[in-house]
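Residue numbers start from 1 in every chain, and the chains themselves are labelled A, B, ... in the order their sequence lines are given, proteins ahead of strands.
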Number of protein chains: 2
Amino acid sequence: MAIPRAAKTQRRTRIQEEKEERILEAALDVFSQNGFRGATIDQIAEAAGMSKPNLLYYFRTKEAIHRHLIDRVLFTWLEPLRAFNAEGNPESEIRSYIRRKLEMARDFPRESRLFANEVLQGAPHIEDELKGPLKELVDEKAEVIRAWARSGKIAKCDPYHLIFSIWSTTQHYADFDVQVRAVLGQDYAGEGRFEDAARFLEQLFIDGLRARA
Amino acid sequence: MAIPRAAKTQRRTRIQEEKEERILEAALDVFSQNGFRGATIDQIAEAAGMSKPNLLYYFRTKEAIHRHLIDRVLFTWLEPLRAFNAEGNPESEIRSYIRRKLEMARDFPRESRLFANEVLQGAPHIEDELKGPLKELVDEKAEVIRAWARSGKIAKCDPYHLIFSIWSTTQHYADFDVQVRAVLGQDYAGEGRFEDAARFLEQLFIDGLRARA
DNA sequence: CGATAATTTGACCGCTTGGTAAAACATTAC
DNA sequence: GTAATGTTTTACCAAGCGGTCAAATTATCG
């Protein structure tokens, strides 16, 4: 019998665990570089070092791989926002949110690009997640920010657009990496641009949101 | 004889002009929604209301259409940055740059997404343009901003990351439109989000860059 | 060991893809 | 008009695509 993915025994075998991980790792490479339609199963299989039918033994369709990745990314991607703490000091909360998002752009650019590809092409696979869980989380944090503004801890501003602007500025360094590198020139060999970006963005957001008389 | 695109007569016929325009218009739709690899010639042909071979009579390959569009977008996309004026008042120059970029995100979202798709996937077709003309223009304007900062007209800041942050925040409303809509909810039916974004971003950048003692 | 289940392979299929060939058709120039 | 050129269509192809199948191979367990 050859029913994939632990049919009889509920427990996944060691091989399953290993191979599925290898596939997802390879697929992250390929999907983030080519988008869903641009990626081929052959590419992913080759990157994972196995034959196409072998890969399809673990994930029945291309969509299944993609969905797995998207779900995973969607979850970890929102971690920093979840950590946003109403009780904390607004200035340091915003500062560390920016830092964390920038670190993610630096350390997980493929995940960022996978997500960007998906949203850019109309989010065909995750519309519900955006309108549901994502919206709810943002609504909740927007209320926190609004409360800070009301109590005069930060300048009055639209909390939604504040969040959008933090998302966009930080993810820019992952999604538009090629452009950033091209503009900065190759003298910027290392990852120094992330430190510079952090300094700039913290200054911009902290000073831009400082409560005014 | 059937050599496309004005071989003998250098002058393009009326039909050529019309059809090429129709093709580019349709291709912009399709490419911006699906990326290069995700788009098919059949899709473009149908959107342009003609048969595939007919379309291929005007553009010999899928790449040729794409290149044509990219070149066009690359040029118009930089208009606002070119307009950036060293002699002007820093505050109003930055303000109007943001406004202009936001208007482009609102009025030409397809162009923005076409560009985003390209850069996101490693800019395989336009690396040279990014490292050449784009970098030169940005270098030039960065010098302007740096001069403003030196003379105390605005806060000291990294001009490159300032430009990146304006690009990213404004284009976000075109490229991540689905997400923005999802988060804001459908009560935001109209284009009001662009006005809100403009207000927020102007506040953020103007206050964030205000010269400090 | 042997039996059973899990994994891997190679051959294959139907469909879509980018692109071509050649002839039919339309337009323009004289 | 008619000849030359420009445009459109029909039929087609080879390659690439996502995915299947059955058989071969390997791992697991008593």
Side-chain angles (χ1 to χ4, degrees), chain A residues 1-24 26-27 29-31 33-70 121 124-125, chain B residues 1-24 26-27 29-31 33-70 121 124-125:
Chain A
M1 208 157 284
I3 297 167
R5 313 240 279 132
K8 272 246 170 86
T9 57
Q10 282 302 42
R11 198 153 33 86
R12 287 166 50 191
T13 63
R14 173 184 48 84
I15 295 184
Q16 271 173 27
E17 217 140 322
E18 276 177 23
K19 291 288 168 81
E20 284 177 15
E21 208 38 60
R22 254 170 62 195
I23 292 169
L24 289 173
D29 259 8
V30 177
F31 279 132
Q33 228 165 80
N34 304 97
F36 180 76
R37 293 208 51 188
T40 73
I41 299 183
D42 292 274
Q43 273 179 297
I44 299 171
E46 201 199 324
M50 63 181 75
S51 67
K52 179 166 64 169
N54 196 181
L55 181 150
L56 285 165
Y57 171 73
Y58 293 100
F59 293 90
R60 242 121 54 169
T61 64
K62 183 177 161 186
E63 247 125 19
I65 312 174
H66 190 252
R67 175 134 276 285
H68 226 83
L69 281 176
I70 283 275
Q121 309 199 351
H125 306 96
Chain B
M1 207 157 281
I3 298 165
R5 312 242 281 132
K8 272 246 171 90
T9 57
Q10 280 304 39
R11 198 152 34 86
R12 287 166 51 191
T13 63
R14 174 184 46 84
I15 294 182
Q16 272 172 27
E17 217 141 320
E18 277 177 23
K19 292 287 169 79
E20 284 177 15
E21 208 39 60
R22 254 170 61 195
I23 292 169
L24 289 172
D29 259 8
V30 178
F31 279 131
Q33 227 166 82
N34 304 97
F36 180 75
R37 291 209 53 186
T40 73
I41 300 185
D42 292 273
Q43 273 179 297
I44 299 171
E46 200 199 325
M50 62 181 79
S51 68
K52 179 166 64 169
N54 196 180
L55 181 152
L56 286 166
Y57 171 73
Y58 292 100
F59 293 90
R60 241 120 56 167
T61 64
K62 183 178 163 186
E63 248 127 17
I65 312 175
H66 190 252
R67 175 136 274 285
H68 226 84
L69 280 176
I70 284 274
Q121 310 199 352
H125 306 95

Can a side chain N or O of [X] be found less than 4.0 Å away from OP1 or OP2 on [N]?
X	N	answer
Y58(A)	dA6(C)	no
Y57(A)	dT7(C)	yes
N54(B)	dT9(D)	yes
Q16(B)	dG6(D)	no
R37(A)	dT17(C)	yes

So which nucleotide from [options] ends up closest to the side chain of [X]?
X	options	result
P53(A)	dG10(C), dG18(D), dT9(D)	dG10(C)
D42(A)	dG18(D), dG18(C), dG19(C)	dG18(D)
L56(B)	dG10(C), dG19(C), dT7(C)	dG19(C)

How is [X] classified with respect to the nucleic acid when contacts are heavy atoms under 4.0 Å: base, sugar-phosphate, or nothing?
X	value
S51(B)	base
K19(A)	sugar-phosphate
A39(B)	sugar-phosphate

Original post:
Would you call R37(A) and F36(B) a side-chain contact if the rule is heavy atoms closer than 4.5 Å?
Top reply: no
Subject >> Nucleotide dT27(C), atom P - distance to CD of E18(B) in whole Å >> reply: 12 Å
Subject >> Length of the NZ-C1' vector between K62(A) and dT16(C), whole Å >> reply: 12 Å
Subject >> Check: dG18(C) base within 3.5 Å donor-acceptor of K52(B) side chain >> reply: yes
